[in-house]
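These figures come from a predicted structure and were not determined experimentally. All values below come from the heavy atoms of this structure, side chains included, with hydrogens, waters and symmetry mates left out.
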Amino acid sequence: MTLRWRIDGAPDAPVLVLLNSVGSTTDMWAPVVGSLAEQFRVVRIDHRGHGDSPLSPAGTECTLADLSADVIEVLDELGLDRVYLAGLSLGGMTGMWLAIHHPDRIKRLALLCTSAAMVSDTYAERAQMVRTEGMRAAVDRIVGRWLTVGTAERDPDLVVALRAMVLSIDAESYAQCCEAIAAMDLRADLGRIAAPTIVIAGRQDSATPPEHGALIANGIPGARLELLDNAAHLATLEQPGRIGMLLLEHFRAGATLERGYSTRRAVLGDEHVDRTIASTTALTEPFQEFITRYAWGDVWSRPELALRERSIATLAALVALGAEHELAMHVRAARRNGLTPEDIVEVFLHTALYAGLPRANRAITIAREVLTSSDQLNHPSP
């Protein structure tokens, strides 16, 4: 099944995939996409028969594995090997299945208002109802569980828009998705999910109550549970600010680490970074991750200053602090970032005026040793 997708955000940003609930379209993510797209390439995907995705003909096999295969087909189409993924309701169930069975495709996971097992017959009954009576027979019940009473009363236009959304969904495709939910039970496999996971549940969600989120969070190693007040099933519509902040916090933690390793390698070289990683122990790992994420993934990766300018600032700061143990490494880094030996000496000369001659003199001695080494001679400036 070739699903339809839409993309927001810069093409070179880390990729964040968003999956909808059953009965909704990618519009359910609209209130949070703006903030997410500032830092991620956001890919929203519609389930089969939802939004602009093709209808699923009667008799088509549709399990959670099939719905997940639909998503993998989109990832392959877009050339995306590993992604961050957030899914709400059926989207979260699909995300869990992918993290269990295709852990190589999921870097980090956010599960919103979802469940690992819907043990009642509700969804099987609903599938039969919409097949015989159409989506109009279920629309009131569906929308009634999506919003808290207070939101529905304050925003009748939103209720009208959500009803139109539900009525736009193909009844047969919706029924098949309901049957996939009814047959799903992921509880025994939650412990297989290795992707760092946040679970978000709405306290007023009657479709997937908070205890469903607690069960998931308890089953996934290291998962974090967040409960939202004044939020029913489509929490993105009622608490977009809070959800946007939680998703940015969760996914940026992985994005800055990934970007940090990339920048660190560009500045210090693969050999240095590989040697550091190889020597990392359980004791030093938290500090190494901290340095990579915040120093290299955040500050060194900010676009406001070029790497060359950051090297100048770093050399000057190290001289001023007398941090000789860091200086040789950053002299090499400065060369990789385009500074000539003459540029480096000028930085030290200028810094001597403000940090003192003895420290600048020692810095020049260290730089001379680095710049005249055979290793440096074999690595001219780019």
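For Gln239 (side chain) and Asp229 (main-chain N/O), a donor-acceptor pair under 3.5 Å exists by modelled atom type. With Thr263 contributing its side chain and Gly260 its backbone, the two residues share no donor-acceptor pair below 3.5 Å. Of the possible donor and acceptor atoms, one in the side chain of Ser168 sits under 3.5 Å from a partner among the backbone N and O of Met165. At least one donor-acceptor pair under 3.5 Å links the side chain of Ser68 to the backbone N or O of Leu64. Looking at His102, its side chain never comes within 3.5 Å of a backbone N or O of Trp97 through a donor-acceptor pair.
Not counting sequence neighbours, the partners of Arg131 by the side chain to side chain contact (heavy atoms under 4.5 Å, CB included) test are Ala127, Glu172, Ala175, Gln176, Glu179. By the side chain to side chain contact (heavy atoms under 4.5 Å, CB included) test, Arg224 is found to be paired with Ile198, Glu226, Leu246, Glu249, residues two or more places apart in sequence or in another chain being considered.
Heavy atoms of other residues, nucleotides or ligands lying less than 6.0 angstrom from CG of Leu283 number 12 at most. The environment of Arg275 atom CZ is dense: over 12 non-hydrogen atoms of other residues, nucleotides or ligands sit within 6.0 angstrom. Other residues, nucleotides and ligands contribute more than 12 heavy atoms inside 6.0 Å of the CG atom of Asp185.
Residue Leu80 is grouped with residue Leu16 when hydrophobic side chains (ILVMFWY) are merged at heavy-atom distances under 4.5 angstrom, including chains of intermediate members.
No side-chain N or O of Ser173 forms a donor-acceptor pair with one of His47 less than 3.5 Å apart. Thr151 and Glu238 are linked by a side-chain donor-acceptor pair at a separation below 3.5 angstrom, with hydrogens and angles left out of the test.
Residues His50 and Leu3 have side chains not in contact (no heavy-atom distance under 4.5 Å, counting atoms from C-beta outward).
Taking a cutoff of 4.0 Å between a charged side-chain nitrogen and a carboxylate oxygen, Asp66 and Arg48 do not qualify as a salt bridge. Between Asp46 and Arg6, no side-chain nitrogen of the basic residue sits less than 4.0 Å from a carboxylate oxygen of the acidic one, so the salt-bridge criterion is not met.
Sequence neighbours left out, the pairs with a member in residues 313-324 that pass side chain to side chain donor-acceptor pair (under 3.5 Å) are Glu324-Arg362.
For the atom pair Leu67 CG and Cys62 SG, the distance stands at 4.0 Å (nearest 0.5 Å).
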